[in-house]
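The chains referred to below are lettered A, B, ... by the order of the sequence lines, with proteins before strands, and numbering in each begins at 1.
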Number of protein chains: 2
Amino acid sequence: MSKTTPRPVTMKDVARHAGVSRTAVSLVLNGRDSVALADETRARVLAVAAELGYRPNAGARALANQRSDWYGLVTEIVTAPFAVDIIKGAQDRAHVDEKYLLIASTESDPAAETAVIERLLEQRVEGLLYAATWHRAVTLPEIAREVPTVLVNCFDREGRFPAVVPDERAGGRRATERLLAAGHRRIGFVNLDPDMPAAVGRRIGFHETLREAGIANDENLEIYGHATADGGYAAASALLDLAEPPTALFCANDRMAMGAYDAIKERGLRIPHDVAVIGFDNQELIAAYLRPGLTTVALPFETMGAKGVDLLAAIITGQSTATETVTVDCPLLERASV
Amino acid sequence: MSKTTPRPVTMKDVARHAGVSRTAVSLVLNGRDSVALADETRARVLAVAAELGYRPNAGARALANQRSDWYGLVTEIVTAPFAVDIIKGAQDRAHVDEKYLLIASTESDPAAETAVIERLLEQRVEGLLYAATWHRAVTLPEIAREVPTVLVNCFDREGRFPAVVPDERAGGRRATERLLAAGHRRIGFVNLDPDMPAAVGRRIGFHETLREAGIANDENLEIYGHATADGGYAAASALLDLAEPPTALFCANDRMAMGAYDAIKERGLRIPHDVAVIGFDNQELIAAYLRPGLTTVALPFETMGAKGVDLLAAIITGQSTATETVTVDCPLLERASV
DNA sequence: GTGAAAGCGCTAACAT
DNA sequence: ATGTTAGCGCTTTCAC
């Protein structure tokens with residue numbers, strides 16, 4: 001009595017119904033011109049295939065072709081509001097090459113990571129994309145070397161893999177320039193833990209832009225905060241309570257900017273009237289919903305995902321071989337806080 | 001001169017090196033006890049396989065087994081801070097059955113959706129999970145019927161598919177009860193667009209809990225807002241400016257609670273001292289970073305993902321056949337706003 | 001123009 | 001206990 005799922009229709013079925021050989025069906029369905037087929041035959045095959053609801057078996061095809069058309073994407077999906085955008089960018093880009101993404105998640109547990117990649121390799125993925133949710137140095141399991149691999153939003157500690165990373169420094173410049181353009185000269189910088197590549201790059205961009213504008217460096221205006229709203233609140237508070245407080249705050253991430261908003265409002269100051277704020281990351285949920293909307297520098301996750309596939313494809317087809325690191329621009333997103 | 005990727009080692013290779021037949025290798029590697037093999041042979045095969053770095057070809061195995069071990073998960077990944085958790089829950093649960101998830105994303109464009117499912121079926125997925133990012137009625141493309149399908153965080157308009165959805169009503173109860181327990185009697189309710197299942201369910205829970213507590217319904221205390229921070233701000237403002245303002249606000253989502261925070265703080269009131277706030281959704285980025293942290297009812301995405309796979313597996317193995325709808329509890333997350 | 005045949009890597013029934 | 005064989009669905013070469 002159990003509902004038996006009918007067995008999928010195969011090429012053999014199509015061939016039989018159309019009264020031709022399996023070869024003919026294959027040729028027609030794959031549009032091979034190498035061999036000339038009678039238009040009549042071609043049409044009949046197509047018709048029968050449609051009628052029967054023929055659907056190619058991707059696995060069988062991969063076996064015969066010795067080509068899976070798959071890339072593996074491994075990412076720390078748990079912690080990842082960002083992962084989604086990388087996935088989207090990668091998926092869309094893969095689609096244009098008619099490649100598909102096998103997405104696997106890890107929890108940055110190295111053992112699990114190896115196991116996950118192992119599974120991907122069993123599926124015979126043609127290449128691997130390894131995406132991090134925050135920009136950092138990583139160490140891939142050895143097993144990743146068995147197949148072309150590209151890092152996204154992270155880089156290999158020893159530089160053995162090609163990588164795609166955000167241009168933090170240019171992002172820092174961009175934020176600073178925006179504040180400068182709005183007339184600010186005393187800009188407070190609430191930075192992240194200085195160990196992070198993000199903190200380093202953004203800071204360099206900040207300082208070099210200031211220098212180029214002929215603004216002397218004021219150490220009091222730079223402060224490190226815990227990368228949370230509370231951290232931003234504390235840091236911003238300290239800055240605002242300075243004898244000569246800044247008129248603008250560059251927060252190295254949106255969460256800290258969220259805290260900074262509180263500190264500013266608490267002092268009866270208005271954004272951007274009394275104090276301008278600019279963030280970094282463009283975490284939609286925060287930046288778009290803060291009041292006023294937060295002007296921020298966006299991390300180009302989608303673009304990085306796409307670029308990653310680009311690079312991977314180039315490597316697989318042999319057009320690129322270097323372990324080059326590609327840098328992606330961080331665009332400014334204007335909202336209403338500057 | 002191009003780096004030739006070595007062809008993966010196959011069972012045949014292992015057999016040759018071990019001096020046994022391919023059958024023997026298959027038997028050993030799959031731990032088949034049906035046929036007795038000499039321990040010595042068994043050990044030799046294992047050793048050779050390890051030495052050669054043999055890795056099974058999942059596709060070939062699927063072909064021979066007529067079983068892919070895959071489920072397809074289609075979701076609107078673009079807009080989805082939530083999708084991630086559903087994916088995680090589903091993936092972890094699938095893992096225990098040694099099933100794998102093929103994740104595909106759509107942008108709710110019906111044509112694209114059909115195409116995406118088509119691809120999944122070409123991979124011969126054994127079943128389909130269709131996950132929405134917000135709880136609602138959906139209409140699946142006909143093609144989804146070709147294979148067992150379970151809806152997650154949504155339900156079929158005609159009830160033809162089994163589904164897993166959050167228990168909005170119990171969630172509404174839970175929030176209200178929490179406020180009641182804190183001693184509040186005048187509770188303002190900032191609800192979502194009343195067309196949404198979420199709004200309907202949460203509202204019912206709210207009202208029935210109030211009624212059971214013997215609190216008369218006060219229409220002035222219920223208001224609909226646009227589902228954004230601005231909407232929450234406006235709605236909360238209206239409530240707070242009432243002649244007899246509420247002492248607590250139940251916001252039907254965290255974004256609106258975010259706006260409510262602003263409205264409250266602007267009036268010099270303190271949370272939760274003067275006004276308590278409870279949200280819904282538990283959007284980490286907001287709820288955890290708001291100051292004070294937002295107490296909220298969590299949408300059980302991870303559990304729903306897991307339950308979805310559960311149901312799907314049951315259907316595939318014929319243990320469940322009904323188009324039942326499973327309801328998942330929404331737990332309360334205490335932070336500091338009540 | 002069309003079809004027979006071999007092979008992709010793996011499984012399993014069957015014979016030895 | 002071990003090996004032979006056919007077959008999973010598809011592709012492609014090569015002879016007709």
Of the listed nucleotides ([options]), which one gets closest to any side-chain atom of [X]?
X	options	answer
Asn30(B)	dT11(C), dT4(D), dC10(D)	dT11(C)
Ser26(B)	dC8(C), dT11(C), dT4(D)	dT11(C)
Thr23(B)	dT4(D), dT11(C), dG9(C)	dT4(D)
Ala60(B)	dT11(C), dT11(D), dC10(C)	dC10(C)
Asn65(A)	dC10(C), dT11(D), dC8(C)	dT11(D)
Tyr54(A)	dG9(D), dC10(D), dA13(C)	dC10(D)
Arg22(A)	dT5(D), dC10(D), dT12(D)	dC10(D)
Lys12(B)	dC8(C), dG7(D), dT5(D)	dC8(C)

Counting only side-chain nitrogens and oxygens, does Gln66(B) get under 4.0 Å of the OP1 or OP2 atom of dG7(D)?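 No, because none of the side-chain N or O atoms of Gln66(B) sits under 4.0 Å from OP1 or OP2 of dG7(D).
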Do the side chains of [X] and [Y] get close enough for a salt bridge, i.e. N-O under 4.0 angstrom?
X	Y	result
Arg136(B)	Glu76(B)	yes
Asp13(A)	Arg16(A)	yes
Lys99(A)	Glu126(A)	yes

Would the number of heavy atoms belonging to other residues, nucleotides or ligands and lying under 6.0 Å from CD of Glu98(B) be above 12?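 Not buried by this count: 12 neighbours or fewer within 6.0 Å.
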Distance-only donor-acceptor test, Ser21(A) side-chain atoms vs dA4(C) base atoms, 3.5 Å: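 Checked by distance alone, the answer is no.
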Could you give the angle between the helix axes at the two ends of the helix from dG1(C)-dC16(D) to dT16(C)-dA1(D), with five pairs per end, rounded to 10 degrees?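 The two end axes of the helix from dG1(C)-dC16(D) to dT16(C)-dA1(D) meet at 50°.
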Run Thr10(A) and Asn57(A) through side-chain contact (heavy atoms from CB on, under 4.5 Å) and show every step you take. CA-CA 8 Å; Thr10(A) 70; Asn57(A) 179 323; over 6 Å; no
